Every structure is written in C-alpha cells, then in structure tokens.
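What follows is a short report on a single structure.
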Amino acid sequence: MLLRAGRKVGGVMQSESTIKMRIKKTDVTGAKTKIEAVAKFQRQKKIERFLAALTIILIIAAWATGYRMQSADIEGSLLQAVPAAERIEKVRHGSYAAWKGDKLIAYIAVGEGSGYGGPMDIAVAVDPTGKISGMSVVNHRETPSWYKRVIENAFVSRVIGKSYSDTLRLGDDVDAVSGATYTSRGIVDAARNASRHIAATQLNQAVPPKEAEKIIFGLPEILLLALFILAIASQRVTFLKKKKLRWALMLTSMVMLGFVYTNLLTISLINKMLLGFWPDWHTHLYWYLLICGVLLTLIVSGKNSYCETFCPFGVAQECLGQVGGAKGVPIPRYQTLFKWMQRTLALAAVLIALIYRNPGISSYEIFGTLFDLKGNISQFFLLGLVILTSLFVFRPWCRYLCPIHPFEDFIKFLRNQVKGIWPQKQKTNSKNA
Amino acid sequence: MASKTKNKLKERLIIVFVIAGVALASIDIGQNIRQEMKRSAQQEKTAVKPPEAQKIAEPTLSEEEMKRWAERLESHPDT
C-alpha cells in the first residue's frame with residue numbers, strides 16, 4: 001500500500017502522508033524564517049532611525065558648543081601686524097593706533113575675507129601715507145596644508161607695500177599662491193577692506209568706490225556643469241555608449257579637476273555648509289555648483305553622480321585597479337563593522353570641525369597629497385596604502401574610508417524617510433476626499 | 001582553490017587597509033587639533049591689551065604749556 005500510494009523523494013520511497021507532512025513543516029519553517037527576517041529587518045530600521053536622530057542631535061550640540069567657545073580676542077594679535085610698535089590704543093570706528101614713543105607709526109584695522117574654510121580675520125596695518133605696512137592673520141579656518149603653503153610662499157609680502165588706492169584684487173595686481181587660490185583671495189580681500197576702512201575713517205582720504213563683485217564663471221565652472229550633465233546622461237540605462245562616455249568623463253575629471261585645479265568635494269565643504277560659512281557666490285560659484293549638484297542628484301535620483309562617475313580620486317583608484325585587475329571583494333563577516341567604522345570616523349570629523357569652528361581641521365582626505373604632492377608624513381603613508389590596495393581591490397578609499405560615502409548614505413536615508421511619509425499622506429488625503 | 005587563496009589575501013589586505021587607514025586619519029586629525037591648540041595658546045601669549053579707559057588718543061601738554069595755563073587760570077578765575 002505504501003509502495004502504491006507513495007513516490008520517490010531523493011531516491012527514497014516515501015508515503016504521500018509523509019511527504020505532505022514534510023511540505024507542511026517546510027512551509028511552517030519557511031514562514032517562521034520569513035517572519036523572523038521581517039522582524040529583524042524592522043528592528044534594524046528602528047535602530048537606524050534612532051542613530052540618525054542621535055547624529056542630528058550630536059551635530060546640533062557640537063555646533064552650539066563651538067559657537068559658545070569661540071573667542072573674540074582679536075586685539076591680541078594686533079602687535080604682530082606692527083612689531084615695532086611700543087603701544088597700541090583703540091581709536092574711533094573700531095580701529096587702533098600704533099605708537100612708537102610719541103610718533104604714530106600706523107593704524108590697524110581687522111578686515112574680513114572669505115577663505116577656503118570660511119571667514120578669515122586679518123589685522124592690517126596702514127602707515128600715515130596710506131600704504132599697507134604690516135599684516136597678521138588673526139583667525140583662519142583653512143586646511144593646515146593649504147595655509148602652510150600660503151605662508152611658505154610669503155604671500156603676505158606680496159600685499160605689503162600696496163596702497164589703499166590700489167586695486168588689490170587677486171589676479172589683477174596680486175598673484176595667488178598656486179593651489180591655494182581661495183586662501184590667497186581671502187587674505188587680499190581682507191587687506192583691501194581694512195586698508196580702505198582706515199583710509200576713509202582715519203586718514204580722511206577718498207577711497208575708490210566699492211566695485212560690484214565680478215562673477216567668476218570660467219573653465220572650472222563650465223567643466224563641472226558639463227561633467228554633471230553628462231554623468232547623469234551616462235547613468236541612463238538606455239544610453240548606448242555608456243562605458244566609453246563614463247571613461248571619457250572620468251579621465252577628463254581626473255586630469256582637470258584633480259591635477260590641474262585640485263578642486264574636489266571634501267568633508268571641509270560639508271563642514272563649511274553646516275557651520276554657516278556660506279561664501280559669496282560671485283567668487284565661489286564652483287563651490288555652490290558642486291554642493292548643489294551632489295545634493296540634487298542624490299535627492300532626485302538617489303544616485304551620487306559625482307562619486308560614482310567623476311570624483312578624481314575615485315577615478316585614480318579605478319585606473320590603478322585596471323592595472324592590477326582589482327575587483328570588489330565582499331567580506332560578509334566584517335561588512336557591517338567596516339561600514340560603521342567609516343560612518344563613525346566621518347561623524348567624528350564633522351563634530352570636531354563644528355566644535356573648533358574650523359571646517360578644515362578634521363579633513364583627513366589625501367586628495368591634495370596625490371594631485372599636488374603636498375602633505376605630511378601620515379598623509380603620504382595613507383596615500384601609499386591607498387595606491388597599493390587600489391591595485392587589487394576596487395576603489396578601497398571610497399568603500400571603506402571616504403567621509404563623503406556616509407554623508408551620501410545619510411542623505412539617502414533621509415530621502416527614503418520622507419518618501420515613506422509622503423505616500424501615506426497622499427493616501428490619507430484621498431481617503432478624506 | 002587558487003581563487004579562494006587570492007580572495008583570502010585580498011580580505012586580509014582590506015582588513016589591514018581599514019585599520020591602518022583609520023589610524024593614519026586619526027593621527028592626521030590629532031596633529032591638526034594640536035596645531036590649532038598651539039596657535040590659540042600663542043595668540044594668548046602675545047596678547048596686548050589696550051588701556052581700558054583710553055578711547056581716543058589725547059594730546060599731552062609740555063611743562064611750559066602747563067605753567068602758562070596755570071598762570072592764565074590764576075589771572076582769570078572765571079574761565
């Protein structure tokens with residue numbers, strides 16, 4: 001009876017009832033596994049929501065701490081602008097007078113300029129003839145390696161000796177330090193503002209009228225726009241010569257944005273945005289295009305065109321990968337751990353920048369080290385490590401260390417949360433109607 | 001078999017990369033913080049505080065001028 005009513009399962013004869021019992025059990029087990037998986041997934045989502053809320057709270061707390069801690073001791077640096085002065089006294093209109101004995105040797109005012117990392121305060125000394133006789137940087141927020149470059153190139157000496165009546169514009173009568181254009185511009189703008197303030201209020205001189213800022217829209221800005229547009233186009237599935245276009249974009253970006261302009265998206269720019277150090281768009285249009293381009297493409301399509309297609313550092317890694325045959329290596333055991341290490345490092349960098357109110361203080365990217373060969377020992381070591389690993393592993397910096405990746409994940413998370421709320425709202429509206 | 005060994009080596013390379021990378025990045029940030037603290041400490045050291053009451057530089061009289069003013073006050077007490 002058994003032989004007649006049964007069938008072979010796995011080479012073994014089994015009765016129908018046994019088979020049915022087994023299927024039922026599998027269904028139950030499968031369903032149980034499914035329920036457990038759904039519960040695990042929901043638990044994970046809850047934890048992610050909690051951590052996202054905690055991140056926002058920490059960022060606000062760090063910002064508030066940094067704001068309270070910031071010192072306004074500008075007067076402390078005045079003597080550095082006029083080392084020969086024996087005493088410094090406050091005069092009208094927020095300026096200072098530097099005396100040597102009974103002789104007035106200079107007036108000092110603190111001018112503000114916008115550097116790469118945010119506002120810079122420069123104490124500018126102007127002698128009674130209206131010439132800039134000394135300068136000292138009171139406060140800056142530049143990335144240390146870039147600031148060091150400006151100091152090593154004695155950029156300040158290019159400004160000393162100029163008069164308040166000179167143009168005092170970068171590119172016109174003052175040459176920038178190569179690779180530190182924003183820092184150079186910040187110092188020159190501060191010198192111009194301070195010297196003209198002194199000339200108008202202390203020397204009773206007629207100063208040149210304040211010119212409307214020229215919009216800087218040159219090759220870097222055009223190139224960036226073109227790269228974004230073409231990157232978005234190349235991500236469309238229906239696009240035929242996707243691969244060739246992608247490589248063309250990548251190589252153009254690596255050469256131009258990397259080696260020529262060294263103008264990449266860094267954690268400094270994000271810190272600057274969070275600190276509220278939004279520069280003048282006339283002179284920093286590139287910055288706005290970069291940040292807005294990344295945010296827009298992330299929010300609209302959920303993809304980061306910059307990182308996926310034309311980040312110069314990512315491209316450099318991919319090129320090395322082509323040489324060594326690099327492939328993505330999944331490591332299930334440590335995947336979550338590495339993901340959270342990367343996120344923790346990025347969050348720590350943001351919090352430190354907010355507390356010190358210095359966007360560049362916690363910038364650990366090594367882009368300048370590769371494209372400009374400038375950096376300290378630890379940066380060169382890290383670069384060597386990235387180069388070596390890139391030969392065998394696909395884009396290791398991007399996958400395991402880059403601070404932009406967690407930022408991108410965070411934006412995507414917020415986007416999904418908002419998307420999750422919105423369809424519910426639409427459903428409730430249609431129900432009520 | 002060869003690909004398994006290759007993958008294992010790559011796995012180890014990634015582990016070393018991540019650990020060393022995080023350590024080097026932390027050292028870099030630490031150095032920046034140290035430089036920033038040095039700079040603030042130096043700023044405080046070279047601080048020159050201007051006299052509190054002094055707002056506008058006032059001219060000082062020489063001894064002769066003081067004598068003339070004193071004589072003038074004596075001769076014209078109402079001024």
Side-chain angles (χ1 to χ4, degrees), chain A residues 71 73 75-80 85 87-92 96-97 99 102 104 138-140 143-144 148 326-327 329-331 333-334 337-338 341-342 344-345 348-349 352 356 358 360-366 375-379 381-382 385-386 388-389 392-393 396-397 399-401 403, chain B residues 1-70:
Chain A
S71 66
D73 187 22
E75 295 170 4
S77 299
L78 297 176
L79 195 61
Q80 290 180 23
R87 71 177 194 280
I88 292 175
E89 293 167 346
K90 199 166 185 179
V91 295
R92 293 165 297 180
Y96 299 85
W99 297 83
D102 288 334
L104 174 72
V138 177
N139 205 3
H140 76 87
T143 310
K148 195 179 167 188
K327 284 182 185 157
V329 180
I331 319 176
R333 271 188 300 172
Y334 301 114
L337 173 67
F338 287 164
M341 273 175 80
Q342 188 181 19
T344 308
L345 186 61
I352 289 168
Y356 282 93
N358 185 340
I361 195 173
S362 55
S363 177
Y364 58 88
E365 294 106 330
I366 44 172
N376 56 37
I377 296 172
S378 58
Q379 286 172 329
F381 261 118
L382 185 53
L385 192 61
V386 171
L388 176 68
T389 314
F392 310 107
V393 179
W397 170 268
R399 293 176 75 139
Y400 300 109
L401 290 177
Chain B
M1 189 71 184
S3 64
K4 264 190 181 175
T5 326
K6 240 184 176 178
N7 274 345
K8 263 197 171 172
L9 280 170
K10 282 185 183 178
E11 222 180 89
R12 282 183 192 162
L13 177 62
I14 291 170
I15 293 167
V16 167
F17 172 76
V18 172
I19 295 170
V22 169
L24 288 166
S26 308
I27 290 169
D28 195 22
I29 295 172
Q31 279 178 347
N32 290 344
I33 294 172
R34 205 177 61 163
Q35 266 177 29
E36 176 73 15
M37 287 169 79
K38 247 190 200 172
R39 204 169 58 85
S40 325
Q42 219 171 22
Q43 252 185 359
E44 282 175 19
K45 257 192 195 173
T46 57
V48 169
K49 293 207 186 300
E52 278 173 20
Q54 185 68 42
K55 292 296 168 203
I56 298 170
E58 290 171 0
T60 51
L61 297 173
S62 63
E63 273 191 41
E64 279 180 23
E65 283 169 338
M66 282 288 283
K67 273 186 186 171
R68 263 189 260 143
W69 270 107

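Remember, it's a predicted structure, so these values are computed and weren't measured experimentally. Labels below follow one simple rule: chain letters A, B, ... track the order of the sequence lines, proteins then strands, and each chain is numbered from 1. Because only heavy atoms are used, hydrogens play no part in the values below, and waters and symmetry mates are left out as well, while side chains stay in.
Contact of the B/Val22 side chain with the A/Leu401 side chain is registered, since non-hydrogen atoms from C-beta on lie closer than 4.5 Å. A 4.5 Å side-chain heavy-atom check between B/Phe17 and A/Val386 finds at least one atom pair inside the cut-off.
Residues satisfying the side-chain hydrogen bond (donor to acceptor under 3.5 Å, both in side chains) criterion with A/Arg333, sequence neighbours excluded, are B/Glu11.
Taken to the nearest 0.5 Å, the OG atom of A/Ser363 stands 8.0 Å off from the CG atom of B/Asn32. Taken to the nearest 0.5 Å, the CZ atom of B/Arg34 stands 12.5 Å off from the CD1 atom of A/Ile361. Going from atom CZ of A/Phe381 over to atom CD1 of B/Ile27 covers 9.5 Å, rounded to the nearest 0.5 Å.
With a 4.5 angstrom heavy-atom cutoff, A/Tyr334 touches chain B only via side-chain atoms. Using a 4.5 Å cut-off between heavy atoms, A/Val329 touches chain B through backbone and side chain atoms alike. If you measure heavy-atom distances from A/Leu382 to chain B, the contacts under 4.5 Å come from both the backbone and the side chain. For A/Leu385, the parts lying near chain B are the backbone and the side chain together; criterion is any non-hydrogen pair under 4.5 Å. In this structure, chain B has a heavy atom under 4.5 Å from the side chain of A/Ile352, while its backbone stays farther away.
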- Verdict with reasoning, B/Ile15 to A/Phe338, per side chain to side chain contact (heavy atoms under 4.5 Å, CB included): CA-CA 9 Å; B/Ile15 293 167; A/Phe338 287 164; 3.9 Å; yes
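Comparing B/Val16, B/Ile14, B/Ile19, B/Asn7 by how many heavy-atom pairs each has under 4.5 Å with chain A, the most go to B/Ile14. With chain B as partner, the option from A/Val393, A/Thr344, A/Ile331, A/Leu345 having the largest number of non-hydrogen pairs under 4.5 angstrom is A/Ile331.
Sorted by first and then second residue, the pairs that involve residues 15-30 of chain B and meet side-chain hydrogen bond (donor to acceptor under 3.5 Å, both in side chains), not counting sequence neighbours, are A/Asn376-B/Asp28, A/Gln379-B/Asp28.
Sparse packing is recorded around CD1 of A/Ile377, with 12 or fewer heavy atoms of other residues, nucleotides or ligands lying under 6.0 Å away.
The two residues A/Tyr356 and B/Met37 make their nearest non-hydrogen contact at OH-SD, 4.0 Å.
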